[in-house]
Amino acid sequence: MTELKQATVKQMANTQSEKPAAVFDIEEAAGIAKLLHNVYFAYPSANFIDLLADNEINKTWHMFADSEDYRIGVSCLTNYLESWNDDKLTELMLDYGDLYFGASMPLALPWGSCWLTEQRLLNDTSTHELLRFYSDHGIALQLERNQPADHIGIFLSVISQLLTVMSDPTKESLHLETKQILTLLLSNHLLTWSEPFLQASIDNAKTDFYRGMALLLRDLLHVLTTELNILSAVHIKSRH
């Protein structure tokens with residue numbers, strides 16, 4: 001989907017010190033969504049964790065609001081990255097597999113339809129509705145591997161792309177329409193199941209890395225919900 005390059009992480013680290021704390025910043029939100037896409041869409045690699053640790057991303061993670069999720073999430077991420085070494089990769093990969101990809105039922109299913117059906121089905125009605133939404137709004141998914149469209153990592157890639165358009169001054173004519181698309185994507189599709197997914201991630205993570213990332217993702221979604229004036233009631237639509 002999206003490649004997290006070293007320059008992207010360095011830009012996130014450098015811009016943090018230039019902005020006041022506890023403010024919404026759309027470029028920071030786009031960058032964090034892109035980073036989180038890479039966290040959730042594939043197994044971790046030593047190079048990826050090295051990149052985060054070398055750039056001390058835990059110290060420069062943007063504080064949109066002084067929330068408990070932000071504080072605990074950053075603390076977990078700090079604990080993990082400051083003690084990180086390549087010997088921990090196997091443990092981290094096992095944690096990812098158990099949570100999001102395992103041969104048995106993952107502990108924190110990353111696909112929306114699994115939370116929105118009693119049988120936890122993949123590619124159910126909600127997935128087809130999401131694909132229709134993407135088609136209606138000209139959003140093309142470029143997947144490197146076969147993956148249901150309602151995977152949390154794909155959502156985060158699309159959110160990052162929409163936020164990037166909204167932050168681009170050369171695309172001002174598209175800002176309002178893109179904001180409306182993002183609002184509908186969140187309220188009608190992602191927020192209908194994200195809270196139970198995130199809580200399962202937090203409760204079942206064996207590493208501070210994935211526990212911290214789940215808390216920071218919840219913080220980002222809460223901030224976007226507030227900024228876009230989305231009713232928080234959509235968070236409780238899960239049928240489980």
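For clarity, every value in this text was computed on a predicted model and none was experimentally measured.
Residues satisfying the side-chain contact (heavy atoms from CB on, under 4.5 Å) criterion with Thr207, sequence neighbours excluded, are Tyr80, Glu91, Leu92, Asp95, Phe209, Tyr210. Residues satisfying the side-chain contact (heavy atoms from CB on, under 4.5 Å) criterion with Thr125, sequence neighbours excluded, are Glu129.
Taking Ile, Leu, Val, Met, Phe, Trp and Tyr as hydrophobic and joining them when side-chain heavy atoms fall under 4.5 Å apart, one finds Ile202 in a cluster with Ile72, Leu215.
For the pair Ile26 and Met166, the tightest heavy-atom approach, listed with the atom from each and the gap, is CD1-CB, 3.3 Å. The shortest non-hydrogen separation linking Ala149 to Thr127 is N-CG2, 4.3 Å.
The hydrophobic clustering, which links ILVMFWY residues whose side-chain heavy atoms are closer than 4.5 Å, places Leu36 and Leu228 together. A continuous path of Ile, Leu, Val, Met, Phe, Trp and Tyr side chains, each step under 4.5 Å between heavy atoms, connects Tyr43 with Met105, placing both in one hydrophobic cluster.
Judged purely by distance below 3.5 Å, without hydrogens or angles, the side chains of Trp111 and Asn123 never pair a donor atom with an acceptor atom.
Residues Leu224 and Ile159 are in side-chain contact: their nearest non-hydrogen atoms beyond the backbone lie under 4.5 Å apart. Residues Tyr100 and Ser201 meet the side-chain proximity criterion, which asks for heavy atoms closer than 4.5 Å. Residues Trp84 and Asp50 are in side-chain contact: their nearest non-hydrogen atoms beyond the backbone lie under 4.5 Å apart. Contact check for Asp150 versus Leu116: no side-chain heavy atoms found under the 4.5 Å cut-off. The shortest distance between side-chain heavy atoms of Val158 and Leu141 falls below 4.5 Å. Counting heavy atoms from C-beta outward, Pro106 and Phe101 have side chains that stay 4.5 Å or more apart. Side-chain contact check for Glu177 versus Ile181: some heavy-atom pair is nearer than 4.5 Å. Contact of the Phe64 side chain with the Tyr70 side chain is not registered, since no non-hydrogen atoms from C-beta on lie closer than 4.5 Å.
In this structure, CG in Leu130 is found 13.0 Å from NE2 in His151, a value given to the nearest 0.5 Å. Note: Glu28 CD to Leu35 CG = 11.0 Å, rounded to the nearest 0.5 Å. For the atom pair Lys171 NZ and Thr178 OG1, the distance stands at 8.5 Å (nearest 0.5 Å).
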Check the pair Ser113, Asp124 against side-chain hydrogen bond (donor to acceptor under 3.5 Å, both in side chains), reporting the backbone distance first and the verdict last.
-> CA-CA 6 Å; Ser113 62; Asp124 200 63; over 6 Å; no
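Below 30°, between 30° and 60°, or above 60°: for Phe133 and His137 the angle between ring planes is between 30° and 60°, a tilted geometry.
Sparse packing is recorded around NZ of Lys179, with 12 or fewer heavy atoms of other residues, nucleotides or ligands lying under 6.0 Å away. Dense packing is recorded around CD of Gln199, with more than 12 heavy atoms of other residues, nucleotides or ligands lying under 6.0 Å away.
Thr164 places a side-chain N or O within 3.5 Å of a backbone atom of Ser160 that can act as its donor or acceptor partner.
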